[in-house]
Amino acid sequence: MNLAGLNKIEPYCWEIPAVKGEMHSPVHLYGSEPLLASMDEKVREQITNVAKLPGLVGAAMTMPDAHWGYGFPIGGVAAFDPDLGGIISAGGVGFDISCGIRCLRTNLNLADVTSQAERLANTLFQRIPAGVGEEGALKLSILQLDDIMLGGAEWAIRQGYGVQEDLSFIEEHGRIHNAIPANVSDHAKKRQHGEMGTLGSGNHYLEVQVVDRIYDVDAARTFGLKEGQIVISIHCGSRGLGHQIGTEYLVSLAKAASRLGIELPDRELACAPINSPEGQEYLGAMNAAINVALANRQILTHLTREVFNQIFHDSILETLFDVSHNTCKLEKHKVDGKGRWLYIHRKGATRAFGPGHPALPERYKEAGQPVIIGGSMGTGSYVLAGISESENKAWSSASHGAGRAMSRHTAIKQWRGKELIEELASKGILIRTKSLRGAAEEAPGAYKDVDLVAEVTEKAGLAKRVAFLRPKVCIKG
DNA sequence: ATGTGC
């Protein structure tokens, strides 16, 4: 991205001023000069288009890990006011609705896992269904899927997948309201029928990690993290169901936009007013998919506990937190000192509530919300904490991952999956995957530097670093 | 992301 002509308004934020009559608000690009310079021009183009959509409140913005996406850039954040004709867009949520990361802390340390690493990797790979179209042990009827779409992780726990305590540490306490299963097609439900409790493919993973470095001692203590401790991160979403909802509502929202005379700067930005029938319909379906994703990560948590209990007697795996990073959520935020209810699109961006936020569980009230930046295969991840400053800057949002730096196509030409896996094994990182091509697409070199993303996220005032997690075992989709 | 591509 060419930064010439942009205003540097803060040490880690560049502004594209609003063009009168075209954009409702300016664009704010959070990042450092090197991170922004290496981003595709498309990021700038796409987020400028978002600034042209009706009912936008405040700046349209991108997080430091942003990259080119469908319509909205991944790493894009934008707030819309329904009373001002604000819109909702399927491209602004992403196809993998409520894709996110569940992080579990354990009572194990590095030495426990090192001696059992091969067995752990093999058992996890055997027990955690992963890969395109891979089905799990659960086979559900369409009626049961309706219950999942309403109940989320609560449903999963009622079925025996996990413990009540998990719910306190999941966004929305494991279940988002206003899900409308009737707005989800039978086709979408059928696609999900065998896919509950599965990881999926692409950048999804289950990783066993060791806490390698603590940045913030107090927050780490509150989060229950200490150096040398083993944690587990599960990255996945709403699988076939979310994807099918995205595909279908893209068409319905495009029709609504045309019917209502909404000018779309890009047809990929198909959207409808939140207060229109189509907007409401998508919202109900998207919330249903959020619950499916929350239930999915809950089931995977349970499967992970079973594997750990089999290998390590008396192992305890507690939910540290579960964050979603592809959502549109109704939240109350301050605008010019006044509280307003806004629909916040976060596509490839994590909600990052600061200390004292009423939605936080009691345990994290003072420390702020745990924010998880998932790294690329084999490079490590970060746990951060939400800070108050981010409320004014970015509607309490932060980066979600390393963010791609290169297309999948280019990555395949540059790396071979087998060699990558061998190289990582030589560094003591065990990868298990059904797709060598997938591994090549996910080469660490195809992603931005996660250390830099986490550092810049902190310096930009979006969240503060708490701990760095180094990978040991990675089950790839 | 995705029963990866019409």
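Throughout, a chain's letter reflects where its sequence line sits, starting with A, and its residues are numbered from 1.
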Base, sugar-phosphate, or nothing: which does [X] touch, judged by heavy atoms less than 4.0 Å apart?
X	value
A/E195	sugar-phosphate
A/R404	nothing
A/H325	nothing
A/G202	sugar-phosphate

Write down the distance between [atom1] ([X]) and [atom2] ([N]), rounded to a whole number of angstrom.
X	N	atom1	atom2	value
A/E135	B/dT2	CD	P	13 Å
A/H409	B/dG5	NE2	P	15 Å
A/L199	B/dT2	CG	P	9 Å
A/K434	B/dT2	NZ	C1'	17 Å
A/R408	B/dT2	CZ	P	9 Å
A/I74	B/dT2	CD1	P	13 Å

I want to check one thing: is the phosphate of B/dT2, taken as OP1 and OP2, less than 4.0 Å away from some side-chain N or O of A/T247? no
Determine, using ring centers only, whether A/Y382 and A/F468 are less than 6.0 Å apart. yes
Per the side chain to side chain donor-acceptor pair (under 3.5 Å) rule, what does the pair list look like for residues 61-71 of chain A, sequence neighbours excluded? A/D65-A/H400
Under the side-chain contact (heavy atoms from CB on, under 4.5 Å) rule, collect the residues that match up with A/N296, sequence neighbours excluded. A/M196, A/C236, A/R239, A/L300
Would A/K434 pass as a cation-pi partner of A/F125, given that its NZ or CZ must be under 6.0 Å from the six-membered ring centre and within 45 degrees of the axis? yes
